[in-house]
> 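The structure's right below; bear with me while I get my questions together.
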Amino acid sequence: MNKKPANNWQQICDPLFDQHDLRLWLYHPAHPFDVLSGNKQLKLHYPLKIAQKQGKRGVLTFGGAFSNHLAATASACKQQSMASIGLVRTDQLDAHNPTLQHCQTSGMHLVPLSRTEYRMRSDSDWLTQLQQQYPEFLIVPEGGSSALGVQGVTELDLTQTPHGNSQYIVTASGSGGTLAGLALGNPDAKVIGIDVVNDISLPDKIKQWCPQANNWQLIRGYTGKGYGRFDAELLQLCLDFRQCHQITLEPIYTGKAMSALYQLIAQGSFPKGSSISFFHTGGLQGLAGLRYRGLLSEADYQILTAPC
Ligand SMILES: Cc1ncc(COP(=O)(O)O)c(C=O)c1O
(Lines give C-alpha, C1' and ligand atoms only; values in the text may rest on other atoms or scores of the structure.)
Protein backbone atom coordinates (compact mmCIF):
# COMPACT_ATOMS: atom_id res chain seq x y z
CA MET A 1 0.00 0.00 0.00
CA ASN A 2 1.29 3.46 -0.85
CA LYS A 3 0.72 6.41 1.39
CA LYS A 4 -2.61 7.80 0.31
CA PRO A 5 -4.19 11.16 0.99
CA ALA A 6 -7.69 10.75 2.35
CA ASN A 7 -10.37 11.93 -0.05
CA ASN A 8 -13.71 11.48 1.70
CA TRP A 9 -13.92 14.70 3.63
CA GLN A 10 -16.91 16.56 4.96
CA GLN A 11 -16.72 19.79 6.90
CA ILE A 12 -18.89 19.71 10.01
CA CYS A 13 -20.28 23.13 10.80
CA ASP A 14 -21.63 24.09 14.20
CA PRO A 15 -21.98 27.43 16.02
CA LEU A 16 -19.78 25.94 18.78
CA PHE A 17 -16.86 25.70 16.35
CA ASP A 18 -17.35 29.30 15.16
CA GLN A 19 -17.41 30.45 18.77
CA HIS A 20 -14.01 28.81 19.32
CA ASP A 21 -12.70 29.74 15.86
CA LEU A 22 -12.11 26.08 14.91
CA ARG A 23 -12.75 24.01 11.80
CA LEU A 24 -13.80 20.36 12.03
CA TRP A 25 -13.29 18.02 9.09
CA LEU A 26 -14.63 14.51 9.22
CA TYR A 27 -12.97 11.79 7.19
CA HIS A 28 -15.67 9.25 6.49
CA PRO A 29 -15.81 5.96 4.65
CA ALA A 30 -17.06 5.99 1.05
CA HIS A 31 -19.24 2.99 1.91
CA PRO A 32 -20.04 3.52 5.58
CA PHE A 33 -22.06 0.31 6.01
CA ASP A 34 -19.33 -1.90 4.58
CA VAL A 35 -17.92 -3.87 7.55
CA LEU A 36 -14.39 -3.27 6.24
CA SER A 37 -14.75 0.50 6.18
CA GLY A 38 -13.00 2.91 8.53
CA ASN A 39 -9.94 1.47 10.28
CA LYS A 40 -10.78 -2.18 9.57
CA GLN A 41 -9.30 -2.70 6.11
CA LEU A 42 -6.21 -0.76 7.18
CA LYS A 43 -5.56 -2.94 10.24
CA LEU A 44 -6.17 -6.20 8.37
CA HIS A 45 -4.21 -5.43 5.21
CA TYR A 46 -0.74 -6.58 6.35
CA PRO A 47 -1.81 -9.49 8.59
CA LEU A 48 -3.64 -11.05 5.63
CA LYS A 49 -0.75 -10.34 3.30
CA ILE A 50 1.74 -11.98 5.69
CA ALA A 51 -0.59 -14.95 6.25
CA GLN A 52 -0.68 -15.50 2.48
CA LYS A 53 3.07 -15.08 2.17
CA GLN A 54 3.63 -17.65 4.91
CA GLY A 55 1.32 -20.08 3.10
CA LYS A 56 -1.23 -20.09 5.92
CA ARG A 57 -4.78 -21.22 5.24
CA GLY A 58 -6.19 -18.24 7.03
CA VAL A 59 -6.41 -16.05 10.10
CA LEU A 60 -7.51 -16.74 13.68
CA THR A 61 -8.64 -13.86 15.84
CA PHE A 62 -10.67 -12.87 18.90
CA GLY A 63 -13.61 -10.66 19.75
CA GLY A 64 -16.77 -10.13 21.72
CA ALA A 65 -20.07 -11.45 20.39
CA PHE A 66 -20.85 -8.16 18.59
CA SER A 67 -17.27 -7.33 17.59
CA ASN A 68 -16.69 -5.10 14.56
CA HIS A 69 -13.25 -6.67 14.22
CA LEU A 70 -14.61 -10.24 13.99
CA ALA A 71 -17.13 -9.17 11.34
CA ALA A 72 -14.41 -7.36 9.38
CA THR A 73 -11.96 -10.27 9.60
CA ALA A 74 -14.61 -12.68 8.33
CA SER A 75 -15.32 -10.42 5.33
CA ALA A 76 -11.66 -9.69 4.56
CA CYS A 77 -10.75 -13.38 4.61
CA LYS A 78 -13.72 -14.24 2.42
CA GLN A 79 -12.65 -11.59 -0.10
CA GLN A 80 -9.17 -13.15 -0.24
CA SER A 81 -10.53 -16.73 -0.36
CA MET A 82 -8.86 -17.42 2.98
CA ALA A 83 -10.26 -19.33 5.94
CA SER A 84 -11.00 -17.60 9.24
CA ILE A 85 -11.55 -18.68 12.82
CA GLY A 86 -13.13 -16.41 15.41
CA LEU A 87 -12.73 -17.12 19.12
CA VAL A 88 -15.77 -15.42 20.61
CA ARG A 89 -16.16 -14.21 24.19
CA THR A 90 -19.45 -15.98 24.92
CA ASP A 91 -20.70 -19.05 26.75
CA GLN A 92 -22.87 -20.09 23.86
CA LEU A 93 -23.00 -19.04 20.22
CA ASP A 94 -26.30 -17.31 19.57
CA ALA A 95 -27.54 -18.20 16.09
CA HIS A 96 -29.66 -15.01 15.93
CA ASN A 97 -26.87 -12.56 16.79
CA PRO A 98 -26.48 -10.47 13.59
CA THR A 99 -22.69 -10.08 13.94
CA LEU A 100 -22.15 -13.81 14.40
CA GLN A 101 -24.56 -14.52 11.55
CA HIS A 102 -22.47 -12.26 9.32
CA CYS A 103 -19.29 -14.05 10.41
CA GLN A 104 -20.77 -17.45 9.74
CA THR A 105 -22.23 -16.58 6.36
CA SER A 106 -18.79 -15.19 5.43
CA GLY A 107 -17.32 -18.59 6.23
CA MET A 108 -15.77 -17.89 9.63
CA HIS A 109 -15.56 -20.86 11.97
CA LEU A 110 -16.70 -19.66 15.40
CA VAL A 111 -15.51 -21.08 18.70
CA PRO A 112 -17.06 -19.90 21.98
CA LEU A 113 -14.67 -19.03 24.82
CA SER A 114 -15.77 -18.48 28.42
CA ARG A 115 -14.84 -15.13 29.98
CA THR A 116 -12.10 -16.89 31.97
CA GLU A 117 -10.58 -18.48 28.87
CA TYR A 118 -10.93 -15.23 26.93
CA ARG A 119 -8.80 -13.43 29.54
CA MET A 120 -5.89 -15.62 28.38
CA ARG A 121 -5.91 -14.03 24.92
CA SER A 122 -2.63 -12.16 25.46
CA ASP A 123 -0.88 -14.82 27.55
CA SER A 124 2.17 -16.00 25.62
CA ASP A 125 2.06 -19.66 26.82
CA TRP A 126 -1.62 -19.90 25.98
CA LEU A 127 -0.99 -18.35 22.55
CA THR A 128 1.83 -20.81 21.89
CA GLN A 129 -0.55 -23.69 22.61
CA LEU A 130 -3.20 -22.11 20.42
CA GLN A 131 -0.72 -21.78 17.57
CA GLN A 132 0.18 -25.47 17.96
CA GLN A 133 -3.51 -26.33 17.80
CA TYR A 134 -4.03 -24.19 14.67
CA PRO A 135 -0.66 -24.26 12.84
CA GLU A 136 -2.19 -23.23 9.52
CA PHE A 137 -3.61 -19.96 10.86
CA LEU A 138 -1.96 -16.63 11.56
CA ILE A 139 -3.08 -15.37 14.98
CA VAL A 140 -4.25 -11.76 14.90
CA PRO A 141 -4.76 -10.08 18.29
CA GLU A 142 -8.08 -8.65 19.45
CA GLY A 143 -9.12 -5.53 17.56
CA GLY A 144 -6.47 -6.24 14.90
CA SER A 145 -3.99 -4.21 16.94
CA SER A 146 -0.45 -5.46 16.43
CA ALA A 147 2.68 -4.12 14.74
CA LEU A 148 1.25 -5.30 11.40
CA GLY A 149 -2.15 -3.73 12.07
CA VAL A 150 -0.50 -0.45 13.05
CA GLN A 151 1.61 -0.48 9.87
CA GLY A 152 -1.54 -0.42 7.73
CA VAL A 153 -2.95 2.57 9.59
CA THR A 154 0.29 4.58 9.17
CA GLU A 155 -0.51 4.79 5.47
CA LEU A 156 -3.53 7.02 5.96
CA ASP A 157 -2.76 10.74 5.76
CA LEU A 158 -5.43 12.58 7.70
CA THR A 159 -3.82 16.01 7.82
CA GLN A 160 -4.54 17.22 4.30
CA THR A 161 -8.12 18.43 4.41
CA PRO A 162 -9.65 20.15 1.37
CA HIS A 163 -8.95 23.52 3.06
CA GLY A 164 -5.36 23.03 4.14
CA ASN A 165 -3.58 21.14 6.88
CA SER A 166 -5.15 20.17 10.16
CA GLN A 167 -3.11 20.31 13.34
CA TYR A 168 -5.17 17.75 15.27
CA ILE A 169 -6.56 14.30 14.49
CA VAL A 170 -9.21 12.76 16.74
CA THR A 171 -10.19 9.09 16.80
CA ALA A 172 -11.96 6.59 19.04
CA SER A 173 -9.45 4.32 20.76
CA GLY A 174 -10.19 0.73 21.82
CA SER A 175 -7.28 -1.67 21.44
CA GLY A 176 -4.96 1.23 20.52
CA GLY A 177 -3.61 0.25 17.10
CA THR A 178 -5.44 2.99 15.25
CA LEU A 179 -4.07 5.74 17.49
CA ALA A 180 -0.51 4.34 17.22
CA GLY A 181 -0.73 4.09 13.42
CA LEU A 182 -2.12 7.60 13.02
CA ALA A 183 0.59 9.01 15.28
CA LEU A 184 3.34 7.37 13.21
CA GLY A 185 1.76 8.24 9.87
CA ASN A 186 0.90 11.86 10.68
CA PRO A 187 3.99 13.16 12.51
CA ASP A 188 3.12 16.83 12.01
CA ALA A 189 -0.24 16.54 13.73
CA LYS A 190 -1.18 15.88 17.32
CA VAL A 191 -3.27 12.70 17.42
CA ILE A 192 -5.87 12.47 20.16
CA GLY A 193 -7.46 9.14 21.02
CA ILE A 194 -10.65 9.05 23.03
CA ASP A 195 -10.50 5.96 25.25
CA VAL A 196 -13.86 4.18 24.86
CA VAL A 197 -12.89 1.05 26.82
CA ASN A 198 -11.45 2.43 30.07
CA ASP A 199 -8.40 0.18 29.90
CA ILE A 200 -5.60 1.36 32.19
CA SER A 201 -3.02 -0.66 30.24
CA LEU A 202 -3.89 1.09 26.96
CA PRO A 203 -1.17 3.81 27.04
CA ASP A 204 1.55 1.15 27.50
CA LYS A 205 0.17 -0.90 24.62
CA ILE A 206 0.15 2.15 22.36
CA LYS A 207 3.71 3.12 23.37
CA GLN A 208 4.91 -0.35 22.44
CA TRP A 209 3.74 0.14 18.83
CA CYS A 210 5.04 3.69 18.39
CA PRO A 211 7.90 4.12 20.89
CA GLN A 212 9.47 6.94 18.90
CA ALA A 213 6.28 9.02 18.57
CA ASN A 214 5.40 11.72 21.09
CA ASN A 215 2.64 13.39 19.08
CA TRP A 216 -0.26 11.48 20.63
CA GLN A 217 -2.45 11.69 23.67
CA LEU A 218 -5.02 9.29 25.04
CA ILE A 219 -7.89 11.09 26.70
CA ARG A 220 -9.74 9.20 29.38
CA GLY A 221 -12.88 10.02 31.31
CA TYR A 222 -15.37 9.90 28.43
CA THR A 223 -16.24 6.19 28.62
CA GLY A 224 -19.43 6.94 30.56
CA LYS A 225 -20.86 3.82 32.20
CA GLY A 226 -18.26 1.64 30.49
CA TYR A 227 -17.33 0.05 27.20
CA GLY A 228 -20.38 -0.72 25.10
CA ARG A 229 -22.71 1.32 27.27
CA PHE A 230 -24.35 4.59 26.41
CA ASP A 231 -27.07 6.88 27.70
CA ALA A 232 -30.00 8.63 26.00
CA GLU A 233 -27.97 11.83 25.56
CA LEU A 234 -25.27 10.06 23.58
CA LEU A 235 -27.81 8.30 21.38
CA GLN A 236 -29.48 11.68 20.78
CA LEU A 237 -26.13 13.10 19.64
CA CYS A 238 -25.90 10.29 17.06
CA LEU A 239 -29.48 10.96 15.88
CA ASP A 240 -28.92 14.73 15.69
CA PHE A 241 -25.61 14.26 13.87
CA ARG A 242 -27.31 12.11 11.29
CA GLN A 243 -30.08 14.65 10.81
CA CYS A 244 -27.78 17.69 10.60
CA HIS A 245 -24.83 16.22 8.67
CA GLN A 246 -26.15 13.03 6.97
CA ILE A 247 -23.39 11.04 8.67
CA THR A 248 -24.19 7.99 10.81
CA LEU A 249 -22.28 7.56 14.07
CA GLU A 250 -22.84 4.68 16.47
CA PRO A 251 -22.78 5.19 20.25
CA ILE A 252 -19.99 2.70 21.12
CA TYR A 253 -16.99 4.17 19.24
CA THR A 254 -17.49 7.06 16.84
CA GLY A 255 -20.46 8.62 18.69
CA LYS A 256 -18.60 8.49 22.00
CA ALA A 257 -15.49 10.02 20.46
CA MET A 258 -17.51 12.78 18.76
CA SER A 259 -19.35 13.56 21.99
CA ALA A 260 -16.00 13.83 23.79
CA LEU A 261 -14.66 16.09 21.06
CA TYR A 262 -17.63 18.48 21.40
CA GLN A 263 -17.01 18.60 25.16
CA LEU A 264 -13.29 19.23 24.72
CA ILE A 265 -14.01 22.03 22.26
CA ALA A 266 -16.57 23.57 24.64
CA GLN A 267 -13.90 23.49 27.39
CA GLY A 268 -11.56 25.48 25.15
CA SER A 269 -9.03 22.63 24.77
CA PHE A 270 -7.92 23.62 21.23
CA PRO A 271 -6.10 26.83 20.26
CA LYS A 272 -8.19 29.26 18.23
CA GLY A 273 -7.66 29.01 14.48
CA SER A 274 -6.99 25.24 14.57
CA SER A 275 -8.30 22.64 12.15
CA ILE A 276 -9.26 19.25 13.51
CA SER A 277 -9.67 16.02 11.50
CA PHE A 278 -12.01 13.41 12.91
CA PHE A 279 -11.51 9.82 11.72
CA HIS A 280 -14.80 7.96 11.20
CA THR A 281 -13.57 4.47 12.01
CA GLY A 282 -16.65 2.60 10.73
CA GLY A 283 -18.30 0.02 12.99
CA LEU A 284 -21.85 0.62 11.81
CA GLN A 285 -22.55 -3.11 11.67
CA GLY A 286 -22.76 -2.84 15.46
CA LEU A 287 -26.07 -0.96 15.19
CA ALA A 288 -27.87 -4.18 14.24
CA GLY A 289 -26.53 -5.81 17.40
CA LEU A 290 -27.76 -2.90 19.53
CA ARG A 291 -31.23 -3.25 17.99
CA TYR A 292 -31.12 -7.03 18.50
CA ARG A 293 -30.36 -6.55 22.22
CA GLY A 294 -33.13 -3.97 22.57
CA LEU A 295 -30.61 -1.18 23.27
CA LEU A 296 -31.73 0.72 20.18
CA SER A 297 -35.38 1.07 19.13
CA GLU A 298 -36.50 -0.03 15.69
CA ALA A 299 -37.39 3.61 14.87
CA ASP A 300 -33.92 4.90 15.84
CA TYR A 301 -32.26 2.03 13.98
CA GLN A 302 -34.19 2.98 10.84
CA ILE A 303 -33.17 6.65 11.15
CA LEU A 304 -29.49 5.77 11.62
CA THR A 305 -29.34 3.22 8.82
CA ALA A 306 -31.53 4.88 6.16
CA PRO A 307 -29.63 5.51 2.91
CA CYS A 308 -28.45 9.14 2.64
C1 LIG B 1 -15.74 1.47 14.98
C2 LIG B 1 -14.46 1.41 15.72
N3 LIG B 1 -13.84 2.55 16.00
C4 LIG B 1 -12.68 2.59 16.68
C5 LIG B 1 -12.07 1.43 17.09
C6 LIG B 1 -10.82 1.53 17.87
O7 LIG B 1 -9.70 1.15 17.14
P8 LIG B 1 -8.47 0.52 17.92
O9 LIG B 1 -8.97 -0.79 18.48
O10 LIG B 1 -7.44 0.34 16.89
O11 LIG B 1 -8.09 1.45 19.00
C12 LIG B 1 -12.67 0.19 16.80
C13 LIG B 1 -12.01 -1.08 17.13
O14 LIG B 1 -11.36 -1.62 16.26
C15 LIG B 1 -13.90 0.17 16.11
O16 LIG B 1 -14.54 -0.96 15.81
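As the structure lists them, so they are numbered: ligands from 1, and atoms in each ligand from 1.
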> If we ignore hydrogens and angles and just use 3.5 Å, is the side chain of Q54 paired with the main-chain N or O of K56 as donor and acceptor?
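No; judged by distance alone, with no hydrogens or angles, the pair does not exist.
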> Between ligand 1 and the protein, which N/O pairs are shorter than 3.5 Å?
| residue | atom | partner | partner atom | Å |
| --- | --- | --- | --- | --- |
| ligand 1 | 3 (N) | T281 | OG1 | 2.6 |
| ligand 1 | 7 (O) | N39 | ND2 | 3.2 |
| ligand 1 | 7 (O) | T178 | OG1 | 3.2 |
| ligand 1 | 9 (O) | K43 | NZ | 3.3 |
| ligand 1 | 9 (O) | S175 | N | 2.7 |
| ligand 1 | 9 (O) | S175 | OG | 2.5 |
| ligand 1 | 10 (O) | K43 | NZ | 2.7 |
| ligand 1 | 10 (O) | G177 | N | 3.4 |
| ligand 1 | 10 (O) | T178 | N | 2.9 |
| ligand 1 | 10 (O) | T178 | OG1 | 2.6 |
| ligand 1 | 11 (O) | G174 | N | 2.7 |
| ligand 1 | 11 (O) | S175 | N | 3.2 |
| ligand 1 | 11 (O) | G176 | N | 2.8 |
| ligand 1 | 14 (O) | K40 | NZ | 3.4 |
| ligand 1 | 14 (O) | K43 | NZ | 3.0 |
| ligand 1 | 16 (O) | K40 | NZ | 2.8 |
| ligand 1 | 16 (O) | N68 | ND2 | 2.9 |

> Y118 and E142: side-chain donor and acceptor closer than 3.5 Å?
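There is such a pair (donor and acceptor under 3.5 Å, judged by atom type) between the side chains of Y118 and E142.
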> Applying side chain to side chain donor-acceptor pair (under 3.5 Å) as the test, list every pair that has at least one member in residues 232-249; sequence neighbours left out.
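Matches after skipping sequence neighbours: Q236-D240, R242-T248.
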> Going by heavy atoms in the side chains, are L182 and W216 under 4.5 Å from each other?
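L182 vs W216: side chains apart.
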> Once salt bridge (Lys or Arg N to Asp or Glu O under 4.0 Å) is applied, do any residues pair with R89, and if so which ones, sequence neighbours excluded?
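Checked R89 against salt bridge (Lys or Arg N to Asp or Glu O under 4.0 Å); zero matches.
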> Excluding sequence neighbours, so at least two apart, what forms salt bridge (Lys or Arg N to Asp or Glu O under 4.0 Å) with K205?
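Listed in chain order: D199.
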